[in-house]
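These values consider heavy atoms only, across backbone and side chains, with no hydrogens, waters or symmetry-generated copies. A, B, ... follow the sequence lines: proteins, then strands. Residue 1 opens every chain. This one's a predicted model, so the numbers in the text were calculated from it and none came from an experiment.
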Amino acid sequence: MDTKFNPSNIEQALYQAWEEKGYFKPAGQGDAYCIMIPPPNVTGSLHMGHAFQQTIMDALTRYKRMDGHNALWQMGTDHAGIATQMVVERKLAAEGQPDRHQLGREKFIDKVWQWKEESGGTITRQMRRLGNSLDWTRERFTMDDGLSNAVKEVFVRLYQDDLIYRGKRLVNWDPKLQTAISDLEVENKEKQGSIWHLRYPLADGAVTKDGKNYLVVATTRPETMLGDTAVAVNPADERYQALVGKEIILPLVNRRIPIIADDYVDQEFGTGCVKITPAHDFNDYDVGKRNNLPMVNVLSPTAEVVAQGEVYYADGTANNEFSADIPADLQGLDRFAARKAIVEQFEAAELLEKIEPHTNKTPYGDRSGVVIEPYLTDQWYVRVEQMAKTATEAVENGDIQFVPKQYENMYFSWMRDIQDWCISRQLWWGHRIPAWYDEQGQVYVGRDEAEVRKQYQLDDTVALKQDDDVLDTWFSSALWTFSTLGWPDNTEDLKTFHPTDVLVTGFDIIFFWVARMIMMTMHFIKDENGKPQVPFKTVYVTGLIRDDEGNKMSKSKGNVIDPLDMIDGISLDDLIEKRTGNMMQPKLAAKIEKRTRKEFADGIEAHGTDALRFTLAALASTGRDINWDMKRLEGYRNFCNKLWNASRYVLMNTEGQDCGQDGGELDYSLADKWILGRLQQTVQSVRGHFDQYRFDLLAQNLYEFTWNQFCDWYLELTKPVLNSGSEAQQRATRKTLVTVLETLLRLMHPVMPFISEEIWLKVAPLAGVNASTIMLQPFPSFQADKIDESAIADVEWLKTFILGVRNIRGEMNISPNKPLSVLVKNVSTSDQNILDQNDSFLRSLAKLDDIKVLADDQKGPASATAYVGDMAILIPMAGLIDKDAELARLKKAIDKNEKDLQRVAGKLKNEKFVNNAPAAVLQKEKDKQAEFEQALNKLKQQYDEISAL
RNA sequence: GGACGCUUAGCUCAGUUGGGAGAGCAUCGCCCUUACAAGGCGAGGGUCACUGGUUCAAGUCCAGUAGCGUCCA
């Protein structure tokens with residue numbers, strides 16, 4: 001073995017072997033355990049969030065697989081409708097190719113499939129580098145035939161059950177992408193804007209109470225006035241009661257619109273008069289419905305003023321009796337240009353009362369970044385009320401549990417006022433809606449055109465045209481847990497693996513995905529008794545990985561760190577190129593470059609997959625965002641190296657030697673018994689942490705045991721045995737070395753798959769295990785009978801002894817190389833026993849020449865002193881230790897002890913404490929007091945003796 | 001405005017039912033000792049955001065304040 005762990009030498013070959021040999025497939029026996037991967041975007045690439053969540057999923061899967069479960073981690077990717085379509089459109093533009101509209105739908109979709117074929121392997125290759133034990137043979141894609149069938153099936157059945165409907169509604173419209181988007185894809189931002197106070201002249205000579213011949217309405221969006229169909233006041237507002245029912249003349253367009261009364265209007269806000277534009281504002285839309293107002297759409301799909309307003313009745317049907325003309329000079333203006341022009345015209349007509357600054361919430365499309373327009377269009381909706389009720393109950397009654405639990409509140413609050421789900425998107429890339437229209441616009445829903453014709457008895461003379469729209473990407477991912485297992489067929493896989501066990505995901509998609517998955521699954525999947533099945537029993541919600549300053553990682557900020565760069569390393573220049581390569585704004589690129597040069601002056605070193613995974617696990621405290629810290633990664637890379645070198649030591653001392661696997665006498669040392677016990681304690685707590693999803697504590701346990709127990713103490717304690725022990729002692733120690741290491745590797749494997757496998761393949765045969773992989777070995781089980789309490793206590797005694805000597809060495813700057821002779825005093829029978837039996841350990845670890853026992857009445861030379869209980873260890877000062885230095889050391893110890901004693905004594909003097917505290921607590925305090933007092937006396941005595949010299 | 005979360009060592013974070021404040025990194029000192037200098041040994045470092053309350057006892061429970069963050073309106 002190399003003296004340094006070099007991950008790049010081993011990782012890819014091991015992974016390839018695992019995959020080729022089919023180790024990732026379910027064993028076919030044992031209780032089922034299943035995790036469905038949140039399908040990453042097929043054309044995307046791996047980011048830290050993926051690495052984080054996948055590490056957790058893989059660790060869980062490997063743990064359960066080793067623990068005898070029929071474990072499946074289902075692989076699949078998502079077609080990511082808008083995102084992918086945008087990428088391809090940009091690519092076409094960059095290459096100077098015809099755009100999507102020039103190409104036409106079919107050719108464009110071909111291009112997208114081409115792009116998917118080209119780039120679809122990127123993320124799956126990257127995921128392999130993480131060591132993910134996904135079953136690749138079952139890989140699915142949301143647009144493959146099976147899943148597309150499931151989508152159609154679900155759509156048709158929901159339609160038949162009247163849970164899907166089509167209607168003209170106000171939706172969030174993205175004028176750039178020219179599609180509807182859901183509430184969840186809208187980001188509301190506070191913007192400094194204005195509020196315009198506009199005068200609307202009253203018709204027929206009516207006047208207000210204070211004698212004005214106009215009303216003043218306040219609006220943040222003056223351009224929508226072209227579509228106003230009423231002015232509303234509060235019915236209780238005495239200022240305007242007399243005017244309700246009268247009309248105003250809408251300026252610029254000279255349309256008569258009524259003054260209506262509606263509770264929605266806030267009397268306190270502005271003038272108490274509100275213009276109502278049902279086709280361009282969600283609140284107004286509701287007002288319009290309540291008051292049966294016509295709706296006038298004045299914008300085109302690209303948010304330009306149309307030539308003629310489109311008018312609809314409140315129920316969405318076309319209204320031909322009402323006309324909404326638009327002044328010629330405004331036609332075709334962009335919405336922002338229209339705003340400017342309209343305000344100018346109001347001002348010119350002396351109808352602009354005033355303009356006030358105003359901060360308003362403006363909706364932006366989270367993909368396009370443009371202002372979203374409430375827009376009246378025909379869309380498909382899922383009626384979710386009943387499904388939401390069932391889905392809420394599943395969490396309420398504990399069939400589904402969130403970890404951490406507080407996310408259940410988030411889930412409940414959303415479910416309580418859930419809106420019908422707009423599932424149609426005006427895109428080309430996605431599942432085309434299985435609905436056909438005849439020439440009269442009559443809609444027919446079916447799995448395909450043939451089915452529609454048959455079902456509705458439409459012969460070939462009836463021309464049918466399929467709906468142009470596709471379904472929201474989340475529609476297909478909502479079916480993920482069961483569509484991937486072969487639904488609508490009642491497959492063996494579905495019976496075996498559904499409901500799945502854990503969903504690991506970010507809180508940001510609880511609404512988008514988790515909630516919808518629960519709704520859809522419970523509606524379609526029932527057990528033998530007809531009870532709705534949940535998609536998964538546990539939702540483990542992870543936090544976000546942020547950069548070292550707590551900022552979200554994003555391309556535009558240029559602070560993204562690619563997980564693979566942490567694994568393989570990257571030069572500074574390459575990193576800068578990667579971060580600024582496709583930047584449109586040179587200014588931004590310069591800033592990012594500067595920052596990157598500062599943060600990664602030498603680029604990023606290679607750390608290996610195991611170190612990355614271990615870091616992610618160690619940082620995974622429940623539900624909290626993680627500020628990424630390269631230093632942590634470095635620390636855990638060092639940890640891998642530590643394990644590697646410890647293993648080297650074990651192998652150097654066991655390979656080709658008798659490790660007791662074929663019989664032979666075994667004489668276990670105290671250290672052997674101790675480490676075997678500590679190992680069991682570690683096994684127990686690691687299992688516990690796995691079951692509680694506490695990967696941070698689990699990682700800490702592994703780290704602590706490996707470094708602070710196994711390496712720092714046990715390996716050192718084996719040296720004297722291996723150097724000079726008897727054959728039976730050496731055999732027992734070799735056996736312990738390989739047994740502990742072999743077990744430890746299995747314990748680590750779920751988190752650190754590569755290094756554990758690499759070492760295990762060498763160590764296992766020495767421990768009597770011959771197999772081709774650690775992956776399919778049993779996960780260590782807790783064996784209480786291997787814990788030898790007295791061995792643990794005795795080793796603690798030895799540690800105290802050794803630490804006492806080391807402390808003096810350290811404080812006195814005595815070289816660790818210089819052997820010392822020490823004297824011991826006040827030696828009890830049990831002290832004497834331990835001393836006799838562990839002489840070689842003490843000599844070796846404390847680097848001692850000699851340990852002499854001093855009779856109780858014998859006075860030793862002037863010495864620096866350490867204690868193990870009552871027993872004193874004397875290190876003669878002569879020639880080694882400066883008097884003042886020793887006095888200073890003692891003073892420090894005395895101060896510390898006095899502080900401790902004071903605290904404890906204070907407690908014990910408090911009658912209330914003595915009377916109220918539980919007996920065990922009280923006794924503990926008393927013991928402590930005695931202990932501190934004793935120690936203090938000794939230290940003080942020692943101090944006096946030395947100062948008298 | 002409502003809900004939730006966070007505030008612990010210089011930095012990143014643990015702290016499980018209330019009972020002597022922890023880890024990693026960083027810092028300081030001594031060591032290239034045949035597993036490991038990506039290391040060994042030793043040491044220093046905290047008004048647990050603030051205020052009040054409950055309790056014999058509060059980082060931990062309760063109330064409030066401040067700052068930060070997220071979601072919703």
Side-chain angles (χ1 to χ4, degrees), chain A residues 1-5 183-184 188 361 404 406-410 412-414 416-417 507-508 510-511 543-544 546 548-550 552 605 607 611 615 618-653 685 688-689 692 694 696-697 699-701 703-704 707-708 711-712 715-716 718-719 723 802-803 805-819 844-847 889 892 899-900 903-904 906-908 910-918 920-922 924-925 927-928 931-932:
Chain A
M1 283 171 89
D2 207 345
T3 58
K4 280 200 170 94
F5 173 51
D183 296 349
L184 295 170
N188 288 301
K361 288 271 180 170
Q406 70 255 24
Y407 285 106
E408 290 181 3
N409 290 331
M410 199 166 160
F412 289 140
S413 71
W414 191 63
R416 262 199 301 274
D417 11 73
F507 65 90
D508 49 334
I510 287 180
F511 308 146
L544 231 58
R546 299 167 174 277
D548 55 334
E549 289 171 357
K552 261 190 188 175
E605 273 186 61
H607 294 84
T615 308
L619 293 173
S621 45
T622 44
R624 227 176 117 132
D625 284 359
I626 294 170
N627 291 353
W628 186 252
D629 180 5
M630 289 301 286
K631 293 287 185 187
R632 289 290 288 259
L633 178 63
E634 210 176 302
Y636 293 124
R637 177 198 56 172
N638 296 352
F639 175 62
C640 291
N641 194 49
K642 187 74 178 177
L643 175 66
W644 181 259
N645 276 292
S647 305
R648 272 182 68 222
Y649 171 82
V650 173
L651 290 168
M652 282 166 60
N653 286 289
S685 61
H689 294 319
Q692 302 289 317
R694 288 304 303 266
D696 55 336
L697 300 180
Q700 205 190 331
N701 278 171
Y703 188 99
E704 206 275 339
W707 201 311
N708 303 121
C711 292
D712 285 352
L715 294 189
E716 294 305 321
T718 62
K719 287 174 184 175
N723 280 335
I802 294 159
L803 288 171
V805 176
R806 284 178 179 171
N807 174 273
I808 292 170
R809 270 185 198 276
E811 296 276 311
M812 298 305 152
N813 281 349
I814 301 172
S815 161
N817 299 327
K818 183 169 178 60
S844 167
L845 272 76
K847 187 87 179 168
R889 188 185 73 90
K892 203 160 78 181
K899 243 172 79 183
D900 288 342
R903 198 183 47 241
V904 175
K907 262 191 179 180
L908 287 169
N910 184 344
E911 267 180 52
K912 286 180 178 169
F913 173 74
V914 177
N915 294 336
N916 287 303
V921 173
L922 188 60
K924 213 168 144 190
E925 293 297 315
D927 292 349
K928 269 192 275 179
E931 197 183 303
F932 290 142

- Measure up the A:Trp644 and A:Phe5 rings against each other and bin them: parallel (under 30°), tilted (30 to 60°), perpendicular (over 60°). tilted
- Message: Given B:rG19, B:rU70, B:rC36, identify the nucleotide with an atom nearest to the side chain of A:Phe507.
- Response: B:rU70
- Query: Can you find a donor-acceptor pair, distance only, under 3.5 Å between A:Glu716 side chain and B:rA35 base?
  - Reply: yes
- So which nucleotide from B:rU12, B:rA38, B:rU33 ends up closest to the side chain of A:Lys4? B:rA38
- Query: Given B:rA43, B:rA35, B:rG40, which nucleotide is nearest the side-chain atoms of A:Glu811?
  - Reply: B:rA43
- Exceeds 12 heavy-atom contacts within 6.0 angstrom, atom NZ of A:Lys928: yes
- Task: Using heavy atoms to find the nearest nucleotide of RNA chain B for A:Lys719 and A:Phe511 separately, return the residue whose nucleotide is more 5′.
- Result: A:Lys719
- For the side chain of A:Lys928, starting at C-beta, report the closest nucleotide among B:rC56, B:rG20, B:rU12. B:rG20
- Query: Quick one: which of B:rC4, B:rA14, B:rA38 gets closest to the side chain of A:Asn409?
  - Reply: B:rC4
- Note on the structure: The nucleotide from B:rC36, B:rG20, B:rC41 with an atom nearest the side chain of A:Asn641 is B:rC36
- Report the nucleotide, chosen from B:rC41, B:rG20, B:rA43, that has the shortest atom-to-atom distance to any side-chain atom of A:Phe932. B:rG20
- Query: If you check every side-chain atom of A:Asn807, which of B:rG42, B:rC30, B:rA14 has the closest atom?
  - Reply: B:rG42
- Treat a base pair as Watson-Crick or G-U wobble with both distances under 3.5 Å, then lay out RNA chain B in dot-bracket form, 5' to 3', with | for cross-strand pairs. (((((((..((((.....[..)))).(((((.......))))).....(((((..]....)))))))))))).
- Message: Of the listed nucleotides (B:rU70, B:rG39, B:rG19), which one gets closest to any side-chain atom of A:Val921?
- Response: B:rG19
- Message: Taking donor-acceptor contacts at under 3.5 Å, does the side chain of A:Lys631 reach the base of B:rC11?
- Response: no
- Pairwise C1' distance for B:rC31 and B:rA37, with rounding to whole Å: 10 Å
- Message: Just checking A:Glu716: does its CD atom have more than 12 heavy atoms from other residues, nucleotides or ligands closer to it than 6.0 angstrom?
- Response: yes
- Message: If you only use heavy atoms from C-beta on, which nucleotide in B:rU12, B:rA14, B:rG44 is closest to the side chain of A:Leu697?
- Response: B:rA14
- Interatomic distance at C1', B:rA63 relative to B:rA23, whole Å: 33 Å
